[in-house]
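Note that the numbering runs from 1 along the sequence shown for the chain.
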Amino acid sequence: MRAAYGNLACVAGIFCNLLLFAGKFTVGTLFGSVAIAADGVNNLSDAGSSVVSLVGFRLGARPADDKHPFGHARYEYLAGLAVSVMILVIGIELLKESVAKLIHPSVVEFGLLTGAVLVASILIKVWISAFNRRIGTLIGSETLIATAADARNDVVSTSAVLVASLAASITGINRLDGLAGLAVAAFILYSGFGLVRDTLDPILGAAPDPALIRHIEEKVMTYPGVLGIHDLMLHDYGPGNRLVSFHVEMSAAADVLASHDVIDNIERDLARDDGLTATIHYDPVVVDDPHARELREFVRSKAAELEPAAAIHDLRIVSGNSHTNVVFDCAVPPEYLTARDHRGTKLTTALRDAVKERWPDHFCVIRLESNYGAAQLEPDHKH
């Protein structure tokens with residue numbers, strides 16, 4: 001179903017853009033307007049983009065196999081990257097032509113046919129933008145949403161070409177056509193760089209949408225017995241194919257089978273409601289030990305004081321004859337682990353010193369880790 005909608009949008013885009021290219025390029029060539037011809041070539045690049053997107057949808061719809069157990073949905077991301085590179089190449093070529101037209105301007109003829117083609121182009125692009133945005137939103141396709149934004153940008157650029165061509169014809173300042181061509185080329189390059197950035201993000205493993213992470217965290221916290229959630233990681237294998245893993249903290253005194261049943265329910269509901277394949281690790285937490293509770297609250301408040309972005313979890317106490325080990329994980333933003341000022345190391349040292357000052361026989365064993373998601377929800381042991 002998703003591939004069928006995507007194919008429909010791509011075929012419509014190919015047809016409309018080829019039609020616009022033929023009209024604009026013919027008019028631009030006949031009447032000596034590099035801006036109109038450039039805008040037509042931009043439509044040709046849009047048609048090529050739709051072809052690449054169509055291939056991406058078809059390849060991405062292939063089922064999983066032995067070599068690709070997570071499916072082929074990332075082909076759509078690769079298709080988007082190819083489209084972005086094509087847009088950059090077209091933009092560079094148009095920039096060269098526009099500069100040449102500025103240096104050696106020629107007479108621009110503006111007639112009824114020219115105006116009709118440009119106005120028709122604007123109306124068609126408005127429809128393409130709305131059509132792709134609707135389908136892209138419906139099936140959750142970043143490629144189609146980007147195509148909708150590109151079509152909306154084309155409305156602006158074609159309107160600029162229309163105004164410049166009319167002004168050049170009225171005033172006789174033929175360099176206005178070259179200036180309009182430069183503006184269109186700059187606009188294409190700007191959009192191309194933005195699309196490259198947007199399509200590279202999921203391929204390189206960009207941070208997940210904070211709103212989605214917060215939704216998962218808040219949803220999980222509504223289940224009975226859940227005290228906290230941490231170590232949340234989201235893996236994106238393409239549109240409609242996302243895996244999520246995290247740890248859930250529950251009371252160690254609760255029935256293990258009952259806790260396991262709650263976790264099963266969370267996994268099932270995330271798959272049904274959010275399309276997420278979840279793997280959940282169960283962390284038992286001792287909630288009836290006053291000293292453990294006091295120590296946990298002390299470490300959490302101290303960490304928040306030293307570094308608000310840090311999160312403490314999996315704290316446990318291991319008592320010995322000569323000293324007591326306080327073992328816990330400290331999650332920090334990824335850049336803290338490689339920062340030249342050693343922010344992560346300084347934080348763990350400060351926490352270790354603070355605990356030792358409060359309880360001289362306590363020694364902290366801290367594992368510094370990356371927080372791959374957003375702010376992690378800590379357990380509320382007051383329940």
Does the side chain of [X] pick up a donor-acceptor pair with the side chain of [Y] at under 3.5 Å?
X: D361; Y: H323; answer: no
X: H230; Y: E249; answer: yes
X: D255; Y: H260; answer: no
X: D274; Y: H215; answer: yes

Go through L78 and R74 one step at a time and tell me if the side-chain contact (heavy atoms from CB on, under 4.5 Å) criterion holds. CA-CA 7 Å; L78 293 175; R74 279 183 176 171; 5.6 Å; no
Evaluate side-chain contact (heavy atoms from CB on, under 4.5 Å) for L20 paired with L44, printing each intermediate quantity in order. CA-CA 8 Å; L20 292 176; L44 181 62; over 6 Å; no
Is there any ring-ring contact (aromatic ring centres under 6.0 Å, His included) pair reaching into residues 342-366, and which pairs are they, with sequence neighbours excluded? H291-W359, H291-H362, F298-W359, W359-H362
Strictly by ring-ring contact (aromatic ring centres under 6.0 Å, His included), give each pair with a member in residues 158-184 just once, sequence neighbours left out. none
Got a donor-acceptor contact below 3.5 angstrom from the [X] side chain to the [Y] backbone?
X: T324; Y: V318; result: no
X: N325; Y: V327; result: no
X: S129; Y: K125; result: no
X: D261; Y: L257; result: no
X: E369; Y: V332; result: no
X: T348; Y: T345; result: yes

Cluster overlap V155 with V119, hydrophobic side-chain contacts below 4.5 Å: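 Result: yes, single cluster for both.
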Going by chain and number, the hydrophobic cluster around L243 (ILVMFWY, side chain to side chain under 4.5 Å) further includes F70, Y237
Test I266 against every option in L270, D264, D269 by the side-chain contact (heavy atoms from CB on, under 4.5 Å) rule and name the one that passes. L270
If you measure from the Lys or Arg side-chain nitrogens to the Asp or Glu carboxylate oxygens, is any gap between [X] and [Y] under 4.0 Å?
X: D236; Y: R242; answer: no
X: D353; Y: K356; answer: no
X: E294; Y: R358; answer: yes
X: K219; Y: D273; answer: yes

Is it true that, when you exclude R134 itself, more than 12 heavy atoms of the residues, nucleotides or ligands shown sit nearer than 6.0 Å to its CZ?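 Count not over threshold, so no.
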Is it the case that over 12 heavy atoms from other parts of the model lie below 6.0 angstrom from the OH atom of Y223?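 Atom OH in Y223 is packed in, count exceeds 12.
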Could you pull out the closest heavy-atom pair between [X] and [Y], with the gap in Å?
X: A278; Y: E267; result: O-OE2, 3.6 Å
X: I128; Y: C16; result: CD1-CB, 3.5 Å
X: V196; Y: L88; result: CG2-CD1, 3.8 Å
X: L227; Y: M221; result: O-CE, 3.6 Å
X: S259; Y: M250; result: CB-SD, 3.8 Å

Which residues satisfy the ring pair (Phe, Tyr, Trp, His ring centres under 6.0 Å) test with [X], sequence neighbours excluded?
X: F25; value: F21
X: Y282; value: none
X: H72; value: H68

